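Got a structure here, written out as structure tokens. Questions coming.
These figures come from a predicted structure and were not determined experimentally. Computed over heavy atoms, backbone and side chain alike; hydrogens, waters and symmetry mates excluded. Just so you know, ligand 1 is whichever comes first in the structure, and atom 1 is the first atom listed for that ligand.
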Amino acid sequence: MIELLSDTARKTMLEPLFETGWAMVDGRDAICKTFVFGNFIEAFSWMTRAAFWAEKWDHHPEWSNVYKTVEVTLATHDVDGLSSLDAKLARKLDTL
Ligand code: H2B
């Protein structure tokens, strides 16, 4: 059963992500980050790798791509806000 992050979990799970460039979305319980790559192929192949993890974990990003830039927003639609799955996927996206 997936749950909204508690205040304590927000401190332990979100604060390290804020250090790597993730930020809260204005007016919404969601996190976002802009990833900039060297070119379109690098951006799109990163999205392809990310898509495999998203599908494996049944947790999908909201994202858009323009040339070498990918804007990602993470939230858990089933709970209308942030859950541990968003932190887990964010950490994975940072390492791909
Ligand atoms: N992705 C995200 N980001 N949030 C969800 O709540 C979610 C999802 N739910 N991917 C999954 C799919 C759900 O709709 C299916 C039925 O498992």
*Under 4.0 angstrom from atom 15 (C) of ligand 1, is there any protein heavy atom?*
yes

_Nearest neighbour in protein (non-hydrogen) for atom 6 (O) of ligand 1_ = D78 N, 2.8 Å

_Let's go through H59 and K88 carefully: what are the C-alpha distance in whole Å and the side-chain angles of both, what is the deciding distance for side chain to side chain contact (heavy atoms under 4.5 Å, CB included) to 0.1 Å, and is it a yes or a no?_
CA-CA 10 Å; H59 197 65; K88 179 176 161 182; over 6 Å; no

_At under 4.0 Å between heavy atoms, is it the side chain or the backbone of A75 that contacts ligand 1, or both, or neither?_
backbone

_I need the nearest protein heavy-atom contact for atom 1 (N) of ligand 1: residue, atom name and distance, please._
H60 N, 3.0 Å

_Within-4.5 Å side-chain heavy-atom neighbours: E62 and H77_ = yes

*Same cluster for L14 and L93 if Ile/Leu/Val/Met/Phe/Trp/Tyr side chains link at under 4.5 Å?*
yes

*When only distance counts, is D86 in polar contact with ligand 1, meaning an N/O pair under 3.5 Å?*
no

*If the plane angle is over 60° it's perpendicular, under 30° parallel, otherwise tilted; pick one for W22 and F35.*
perpendicular

*Close-contact set for ligand 1 against H77 heavy atoms, below 4.0 Å*: 2 (C), 3 (N), 4 (N), 5 (C), 6 (O)

_At less than 4.0 angstrom from any non-hydrogen atom of T76, what atoms of ligand 1 do you find?_
4 (N), 6 (O)

_Sub-4.5 Å side-chain heavy-atom contact between L4 and L82_ = no

*Does the pair D29/R10 count as a salt bridge with the N-to-O cut at 4.0 Å?*
yes

*Please write down residue, atom name and distance for the protein heavy atom closest to atom 12 (C) of ligand 1.*
D58 OD1, 3.3 Å

